[in-house]
S.K.: 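Let me give you the structure first, and then I'll get to my questions.
These numbers come from a predicted model, not from an experiment. Per chain, numbering begins at 1; letters A, B, ... match sequence-line order.
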2 protein chains.
Amino acid sequence: MSDNDKALPPTAKSLKKSYCNDALPPIEEHTRQYETVRNAHETELIEDYVELIGDLISHRGEARAADIASRMGVSQATVSKMIRRLNELGLVTSKPYRSLFLTAEGQKMAETSRARHDIVLHFLRALGVNDHTARIDAEGMEHHVSNETLAIMQRFIDEQTKR
Amino acid sequence: MSDNDKALPPTAKSLKKSYCNDALPPIEEHTRQYETVRNAHETELIEDYVELIGDLISHRGEARAADIASRMGVSQATVSKMIRRLNELGLVTSKPYRSLFLTAEGQKMAETSRARHDIVLHFLRALGVNDHTARIDAEGMEHHVSNETLAIMQRFIDEQTKR
DNA sequence: CAAATAGTTTAGCCTTGGCTAACAATCATT
DNA sequence: AATGATTGTTAGCCAAGGCTAAACTATTTG
C-alpha cells in the first residue's frame, strides 16, 4: 500500500450489503488460497532480484551489487548473501568481486517477471491510476496475479489503447 | 499465482514494444517501491489472521485455534504462537484454552481488511475473472493495493453492476 | 606505484513464521 | 466421575531475510 496515499481507507459501511454476505469458503479451498500466497512469498523476492538484475544489465550494461543494494534499499551484505542463494538456485553466475550474469534460466525468469510486471503496471494506468501509485502497487501485486487474470488485464489494455 | 492455471504465461515477446522501453525509475523512487512491499509483508500475515478471526466470529460465533489452523493450512503450534503475537500487538484478547476475541483495534483492522478484500474480489469478478481464480488472486493482492486504486476498483464495480 | 576510496564478502547477530514432539487442559460419553 | 478424544500450549528446531562490523579486493588518483 502506498504510504503517501491520501484517499480514505475503505470501510465496511462503504460496501454494498450484498458484498458482505459471502459465506466462508469450504475449508480445503480456503487452505489452498493461503497456501498459494505463502508459496508466492517464497519466490517473489527471488523474482524481484532476478528481474532487477535483468533490468540493470539491459539498461546499464552490467549488474553490480552496490546498484542492487541501493535500488532495493537494502545493505550490501544482504545483497551478497542473496546472490549466493541465486547462484545455488542456478539463476545467476558470479565470480567473486566481479559483476553478475544471468543464466539462461535466470534470463527466462527475468523476462517473465518483467512481462508480468509491465502488464500489471500498464493495466493500472489504463484503469486510471496515477503513475506513481501504479508503480508501487504493481511492484506488490505482480507476484499474486494469475495468468488468467494477466490475460484479462492484457485484453483490457489492448481495448483501452486501441482507441 | 494460481497453480491450476492453464493459461500460458506471458512472454516478453507477447508485449507491445512500447511497453518495454521504460527506463529504470530514479533510485530513490525505486527504493521506496521495494520498501513499500517489504512493509506490506510485515503486516499482511497479521491482517490475514485478524481478518480470518473476524470472519470466524461473524460466521461461526467464535474463533477457535483449531479452525484457524485448518483454514490457514498451518499447524496449531504456529497459530498458538501467532495468537501470542496478536495479543502483544493489542489486536486480540485471549485466555488460555478459551476462544478468541478481537479488541476494538482488532475489529477495526478486520473490517478494513475484509472491505479491501471484498473490493478486490468483486473487482476481479467484474473484470471477468473466474470466481475460483479471483478468490486466490484477491487473497494475494489485497495487501498491495493502495487506497487510490481501491477507490478506482470500487467505481469500476459500481459501473459494471449498475447495468 | 602507493595510498585512498569504493566495492564486495564474511561473520555473527536478530526476528519471523514455519515445523514436530511432548505435555496440559477441556469436553463428551458412558 | 473417569477416561479417551479433541484442543491448546510449550519447547526447541530450522530457514529466510534483514542488520552491523570487520576484512578483503579492485579501482582511481595523486
Side-chain angles (χ1 to χ4, degrees), chain A residues 27 31-53 56-57 60-89 91-101 139-140 143, chain B residues 27 31-53 56-57 60-89 91-101 139-140 143:
Chain A
I27 292 193
T31 307
R32 243 179 298 123
Q33 286 173 31
Y34 289 117
E35 260 161 16
T36 305
V37 175
R38 274 198 301 277
N39 290 342
H41 281 166
E42 282 176 25
T43 53
E44 68 186 283
L45 229 211
I46 305 280
E47 286 178 9
D48 280 342
Y49 271 88
V50 169
E51 187 183 334
L52 176 56
I53 291 168
L56 286 170
I57 290 173
R60 288 267 189 290
E62 62 173 359
R64 304 183 64 82
D67 291 344
I68 299 171
S70 71
R71 297 222 163 236
M72 284 284 198
V74 124
S75 75
Q76 292 193 348
T78 298
V79 171
S80 203
K81 205 193 253 188
M82 198 61 185
I83 289 170
R84 196 166 53 222
R85 271 203 81 205
L86 297 179
N87 232 312
E88 284 159 10
L89 294 170
L91 296 167
V92 306
T93 56
S94 63
K95 297 193 180 141
Y97 298 98
R98 302 260 85 119
S99 72
L100 299 171
F101 300 91
E139 187 60 56
H143 306 285
Chain B
I27 291 193
T31 306
R32 242 177 300 123
Q33 286 175 30
Y34 289 117
E35 260 161 17
T36 304
V37 176
R38 274 198 303 276
N39 289 343
H41 281 165
E42 283 175 25
T43 54
E44 68 186 284
L45 228 210
I46 304 281
E47 286 178 9
D48 280 342
Y49 272 88
V50 169
E51 187 183 334
L52 176 56
I53 291 168
L56 286 170
I57 290 173
R60 288 265 188 294
E62 62 173 359
R64 303 184 65 82
D67 291 345
I68 298 171
S70 74
R71 298 223 163 235
M72 284 284 197
V74 123
S75 74
Q76 291 194 351
T78 298
V79 171
S80 203
K81 207 193 253 190
M82 198 63 185
I83 289 170
R84 197 167 49 221
R85 271 204 79 205
L86 297 178
N87 232 310
E88 285 160 9
L89 293 171
L91 295 166
V92 307
T93 56
S94 64
K95 298 194 181 141
Y97 299 98
R98 300 262 89 116
S99 70
L100 298 171
F101 299 91
E139 188 60 58
H143 306 284

S.K.: If you assign each of A:Pro96 and A:Ser75 to its closest nucleotide in DNA chain D, which residue comes earlier from the 5' end?
M.R.: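 On the 5' side of the pair lies A:Ser75.
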S.K.: With a 4.0 Å cut-off on heavy atoms, is A:Val79 in touch with a base, just the backbone sugar-phosphate, or nothing at all?
M.R.: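 Contact class for A:Val79: none.
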S.K.: Which one, D:dG8, C:dG17, C:dG7, comes nearest to the side chain of B:Gln76?
M.R.: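 That would be D:dG8.
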S.K.: What integer distance in Å separates B:Ile68:CD1 from D:dT6:C1'?
M.R.: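 After rounding, the reported distance stands at 16 Å.
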S.K.: Without decimals, in angstroms, what is the distance between B:Asn39 CG and D:dG18 P?
M.R.: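 So the two atoms are 11 Å apart, to the nearest Å.
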S.K.: Using OP1 and OP2 only, check whether a side-chain N or O of B:Arg98 sits under 4.0 Å from C:dC27.
M.R.: yes
S.K.: Would you say a side-chain N or O of B:Thr78 is under 4.0 Å from OP1 or OP2 of C:dC19?
M.R.: yes
S.K.: Would you kindly give the CG-to-C1' distance between B:Asn87 and D:dT9, to the nearest whole Å?
M.R.: 13 Å
S.K.: Rounded to the nearest angstrom, tell me the gap between atom CD in A:Glu47 and atom P in D:dA16.
M.R.: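 Those two atoms, CD and P, are 16 Å apart.
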S.K.: For A:Tyr34 and B:Leu52, run side chain to side chain contact (heavy atoms under 4.5 Å, CB included): C-alpha distance rounded to whole Å, both residues' side-chain angles, the deciding distance at 0.1 Å, then the answer.
M.R.: CA-CA 11 Å; A:Tyr34 289 117; B:Leu52 176 56; 3.9 Å; yes
S.K.: Once you round it to whole Å, what is the distance between C1' of C:dT16 and CE of B:Met72?
M.R.: 14 Å
S.K.: Could you work out which one of C:dT9, C:dG18, D:dG8 sits closest to the side chain of A:Tyr97?
M.R.: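 Looking only at heavy atoms from C-beta outward on A:Tyr97, the closest nucleotide is C:dT9.
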S.K.: How long is the span from the CG atom in A:Leu86 to the CG atom in A:Leu45, to the nearest 0.5 Å?
M.R.: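 Those atoms lie 9.5 Å apart.
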S.K.: In whole Å, I'd like the distance from the CD atom of B:Glu35 to the P atom of D:dG18.
M.R.: 11 Å
S.K.: Quick check on D:dT9: is either OP1 or OP2 less than 4.0 Å from any side-chain nitrogen or oxygen of B:Arg84?
M.R.: no
S.K.: Starting from the C-alpha separation in whole Å, work towards a yes-or-no answer on side chain to side chain contact (heavy atoms under 4.5 Å, CB included) for A:Glu47 and A:Val50.
M.R.: CA-CA 5 Å; A:Glu47 286 178 9; A:Val50 169; 5.7 Å; no
S.K.: B:Ile83 near the nucleic acid: base, sugar-phosphate alone, or nothing, with a heavy-atom cut-off under 4.0 Å?
M.R.: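 Answer is nothing: B:Ile83 stays at 4.0 Å or more from every strand.
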S.K.: Please pick, from D:dT10, D:dC13, D:dG17, the nucleotide with the shortest atom-to-atom distance to any side-chain atom of B:Lys81.
M.R.: D:dC13
S.K.: May I have the step-by-step check of side chain to side chain contact (heavy atoms under 4.5 Å, CB included) for A:Ile57 and A:Glu62, ending in yes or no?
M.R.: CA-CA 4 Å; A:Ile57 290 173; A:Glu62 62 173 359; 5.6 Å; no
S.K.: Could you work out which one of C:dA11, D:dT7, C:dC19 sits closest to the side chain of B:Arg64?
M.R.: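 Among the listed nucleotides, the one closest to the side chain of B:Arg64 is D:dT7.
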S.K.: Quick check on DNA chain C: between A:Arg38 and A:Ala66, whose nearest nucleotide comes earlier from the 5' end?
M.R.: A:Ala66
S.K.: Is the phosphate of C:dT16 approached by B:Arg85 (side-chain N or O, under 4.0 Å from OP1 or OP2)?
M.R.: yes
S.K.: Where the side chain of B:Leu45 is concerned, which of D:dG18, C:dT20, C:dG18 is the nearest nucleotide?
M.R.: C:dG18
S.K.: Please state how far atom CD in A:Glu42 lies from atom P in D:dA16, giving the value in whole angstrom units.
M.R.: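 Atom CD in A:Glu42 sits about 9 Å away from atom P in D:dA16.
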S.K.: D:dG18 P sits how many Å from A:Met82 CE, rounded?
M.R.: 7 Å
S.K.: Determine whether a donor-acceptor pair (N or O, by modelled atom type, separation under 3.5 Å) exists between the side chain of B:Arg38 and the backbone of A:Met72.
M.R.: yes
S.K.: Looking only at atom types and distance, does a side-chain atom of A:Thr78 sit under 3.5 Å from a main-chain N or O of A:Ala69, one as donor and one as acceptor?
M.R.: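 Looks like no, no N/O pair under 3.5 Å.
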S.K.: Once you apply a heavy-atom cut-off of 4.0 Å, does A:Ala65 come out as touching a base, just sugar-phosphate, or nothing?
M.R.: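 Contact class for A:Ala65: sugar-phosphate only.
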